[in-house]
Every structure is written in structure tokens, then in C-alpha cells.
Amino acid sequence: MLEISIKMSLPQGLHMRPAGIFVHEASKFKSKITIFNDDQMADGKSIMGLLTLGLTNGSVMKIVVEGIDEEAAIHHLEKIVKETLVKTEGH
């Protein structure tokens with residue numbers, strides 16, 4: 001089992017477009033992917049699950065991956081989150 005936590009910095013929080021991108025990418029892996037926002041959790045391969053977490057600007061998204069391809073999955077999903085759910089200064 002591997003996990004990472006990433007602070008989101010999107011003014012609108014997690015909405016349909018970035019959630020859809022995340023779910024599409026997560027679905028490429030066989031491992032179980034669970035997303036946490038404080039004490040709430042959702043299946044990382046479910047767009048409705050992600051949207052119900054209420055991840056807002058400043059929320060810390062914890063991604064837990066468990067399974068045969070967990071290492072590849074965690075690295076790929078970290079990249080996806082940083083590209084779509086975290087805006088760097090100047091962008």
C-alpha cells in the first residue's frame with residue numbers, strides 16, 4: 001500500500017472536469033485507489049464518489065493505492081493531480 005497527500009489549489013475546488021480526468025487516469029490501473037478528504041473517503045475510479053468528497057481550494061487530497069501496479073499508479077496519479085488539480089504560481 002502506498003499513499004501521498006497533495007494540497008489542492010484550485011479556486012473552484014474539485015469540479016467535474018478535473019475529477020473526470022482523474023477517474024479516467026485512475027481507471028487505467030488494476031490497483032484499488034481510494035481518495036480521502038479528512039474522514040471522508042471515496043473510490044478513486046468513481047466520478048460521483050470524488051465529487052461528493054467536497055474537495056475545495058486548500059483541501060488536502062490523500063490518495064491511497066493498493067494492488068499489483070500500485071507503484072506505477074501512485075506516481076502517475078501524483079503527476080495527474082499536480083498537472084490538473086494544483087496550479088503553480090504564475091499560471
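Not measured: the values here are computed from a predicted model.
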>> Once rounded to the nearest 0.5 Å, what's the spacing between atom NZ of K7 and atom CG of N57?
In response: 8.5 Å

> Quick one: hydrophobic cluster around V60, which other residues, with the 4.5 Å side-chain cut-off, linked directly or via members?
Replying inline: none

> Measuring from L55:CG to K62:NZ, what's the distance to the nearest 0.5 Å?
Replying inline: 13.0 Å

> Where is the tightest heavy-atom contact between S31 and K45, given as atom of each residue plus distance?
Replying inline: O-NZ, 2.9 Å

> Does I63 reach the side chain of E78, with side-chain heavy atoms less than 4.5 Å apart?
Replying inline: no

> Is there a donor-acceptor pair closer than 3.5 Å between any side-chain N or O of K32 and the backbone N or O of V64?
Replying inline: no

> If every non-hydrogen atom of G54 is compared with every non-hydrogen atom of N37, which pair is closest and at what distance?
Replying inline: O-ND2, 3.5 Å

>> Side chains of F22 and I35, heavy atoms from C-beta outward: is any pair under 4.5 Å?
In response: yes

> Who are the side chain to side chain donor-acceptor pair (under 3.5 Å) partners of E25, not counting sequence neighbours?
Replying inline: K28, H76

> Is a side-chain donor or acceptor of D38 paired with a backbone partner of Q40 at a separation under 3.5 angstrom?
Replying inline: no

>> I'd like to know whether CD of E71 has more than 12 heavy-atom contacts from other residues, nucleotides or ligands below 6.0 angstrom.
In response: no

>> If I compare all heavy atoms of I74 with all of V65, which pair ends up nearest, and what's the gap?
In response: CD1-CG2, 3.6 Å

>> To check you understand the geometry: which heavy-atom pair defines the closest contact between G44 and A26, and what is its length?
In response: O-CB, 3.5 Å

> What's the spacing between E83 CD and I21 CD1 if we round to 0.5 Å?
Replying inline: 9.5 Å

>> Return the CG to CD1 distance between D43 and I33, rounded to the nearest 0.5 Å.
In response: 8.0 Å

>> Apply side-chain contact (heavy atoms from CB on, under 4.5 Å) to residues M16 and I47 and explain how you reach the verdict.
In response: CA-CA 8 Å; M16 188 67 82; I47 194 162; 3.4 Å; yes

>> How close do A42 and G49 get, counting heavy atoms only, and between which atoms?
In response: CB-O, 3.3 Å

